[in-house]
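Notes follow once the structure below has been shown.
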Amino acid sequence: MAFLIDGKKISAQIKDELKIEVAKLKSEGTEVKLAVIQVGNDPASSVYVGNKKKACAYIGIESLAYELPEDTSEIELLALIDQLNRRRDVNGILVQLPLPAQINEKHVIEAITPLKDVDGFHPQNVGALVTGEDGFVSCTPAGIIQLLKRSGIDVDGKECVVVGRSNIVGKPMAILLLRENGTVTVCHSHTKDLKEVCKRADILVAAIGKPKFFNREYVREGAVVIDVGIHRDENNKLCGDVDREDVMDIVSAITPVPGGVGPMTIAMLMYNCVEAVRLQKAER
Ligand code: NDP
């Protein structure tokens, strides 16, 4: 029977550890502060922003909320980021994506000073990840590494297959698995014989954004499967990129959807906010 990797429990552990750390920082006179910017009122973004604020409140991180109208110009948003970059009391800056069409996401990501880029999207942080230097790591893949470590799953020497090569999930995931000494293959929409490549995996990370795409034909007996996707199925129930029912009897461990990777993303964002204090102290 497959072992369910409990993202709810592990994310709660991480948040509790951070709560203690934040209280300690406070007792030493250091507050942790995150600025959260939302442009427009896309309902999904509002839910994500609300969850981030809730996590901040639980841990003791102060969140500054900026809710800007849908027609905000790029210049206005960049001006706010510039102001927050300069504020010594603000440790992290997060701009909720996606942004309205008139704003270029790349310009926004590059405008956030790398030392406050708690999403880990700035090219300088991406470069630091690749070269193994200090910096912020994209939250979802960083959370997956924590799920593996805290579930006692060793990556060292394992055949790891990551399906998806986005800048926020697939690519940083591949680098992190490499850092843990995995043998890593990255697949995408041009990969030939995807089933065969996936079947080589001891650890399969599914991050393509297609509901229940990966069935047992893609999974080797005893593999660990990490399901990054989040969707609603035909019955409006949450599901992932993996057809969990179909693979359940052959995998050794799997992340459920919901309750697997999802909760880890916010926990790692909180981790990055605390890490920001450390990195900023080292810089000053
Ligand atoms: P993107 O759409 O940015 O990237 C999808 C990737 O999958 C691309 O690299 C694409 O290849 C590849 N792909 C698409 N179809 C196929 C296919 N049939 N075979 C092989 N590769 C394919 O998605 P994200 O990385 O942003 O997200 C992936 C999933 O993870 C989504 O469901 C998203 O909702 C979820 N997600 C969940 C998070 C969480 O907290 N749980 C956080 C972030 C994302 P190509 O590059 O060739 O186009």
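Numbering of ligands and ligand atoms starts at 1, following listing order.
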Atoms in ligand 1 flagged as close to Val169, the criterion being non-hydrogen separation under 4.0 Å: 25 (O), 43 (C), 44 (C)
Distance from atom 29 (C) of ligand 1 to nearest protein heavy atom, with residue and atom: Gly209 N, 3.7 Å
Taking atom 36 (N) of ligand 1 as the reference point, the nearest protein heavy atom with its distance: Val228 O, 3.7 Å
Check ion pair Asp233-Lys212 (N to O, under 4.0 angstrom): yes
Mode of Thr140 contact toward ligand 1 - side chain, backbone, both, neither (heavy atoms, under 4.0 Å): side chain
Sub-4.0 Å heavy-atom approach of Ala207 to ligand 1: yes
Numbered atoms and elements of ligand 1 in range of Phe213, under 4.0 angstrom, heavy atoms: 18 (N)
Hydrophobic cluster membership, Leu176 vs Ile5, 4.5 Å side-chain cutoff: yes
More than 12 heavy atoms from other groups under 6.0 Å of OH on Tyr48: no
Within 6.0 angstrom of Glu245 CD, more than 12 heavy atoms from elsewhere: no
Atom 19 (N) of ligand 1 [closest protein heavy-atom partner, distance rounded to 0.1 Å]: Leu194 CD2, 3.7 Å
Basic-acidic side-chain contact under 4.0 Å: Lys199, Glu196: no
Within reach of ligand 1, part of Thr191 (heavy-atom separation under 4.0 Å): neither
Nearest non-hydrogen protein atom, atom 6 (C) of ligand 1: Gly164 CA, 3.7 Å
Candidate list Thr255, Ile254, Asn215, test side-chain contact (heavy atoms from CB on, under 4.5 Å), partner Val242, passing option: Ile254
Minimum non-hydrogen distance to atom 21 (N) of ligand 1, winning option of Met268, His188, Met173, His190: His188
Atom 10 (C) of ligand 1 [closest protein heavy-atom partner, distance rounded to 0.1 Å]: Ser189 N, 4.4 Å
Closest protein heavy atom to atom 8 (C) of ligand 1, given as residue, atom name and distance to 0.1 Å: Arg165 N, 4.0 Å
Minimum heavy-atom distance Leu78-Val108, with the two atoms named: CD2-CA, 4.1 Å
Donor-acceptor contact below 3.5 Å, side chain Ser11 vs main chain Lys8: yes
Interfacing atoms of ligand 1 (cut-off 4.0 Å, heavy-atom, His231): 32 (O)
Top protein contact for atom 40 (O) of ligand 1, by heavy-atom distance: Thr265 OG1, 2.8 Å
Donor-acceptor pair between Gln280 and Asn91 side chains, under 3.5 angstrom: yes
N or O contact, Lys210 vs ligand 1, cut-off under 3.5 Å: yes
Criterion side chain to side chain donor-acceptor pair (under 3.5 Å) on Thr30 and Glu28, from CA distance to verdict: CA-CA 6 Å; Thr30 304; Glu28 295 162 1; 5.4 Å; no
Non-hydrogen atom of Gly262 closer than 4.0 Å to ligand 1: yes
Option of least heavy-atom distance to atom 25 (O) of ligand 1 (set: Ser166, Pro258, Cys198): Ser166
Identity and separation of the nearest protein heavy atom to atom 2 (O) of ligand 1: Ile208 O, 4.7 Å
ILVMFWY network linking Val161 to Ile208, side-chain heavy atoms under 4.5 angstrom: yes
Connected via hydrophobic side-chain network under 4.5 Å: Phe214 and Val228: no
Atom 33 (C) of ligand 1 protein-contacted (non-hydrogen atom, under 4.0 angstrom): no
Ligand 1 contact by Met264, heavy-atom criterion under 4.0 angstrom: no
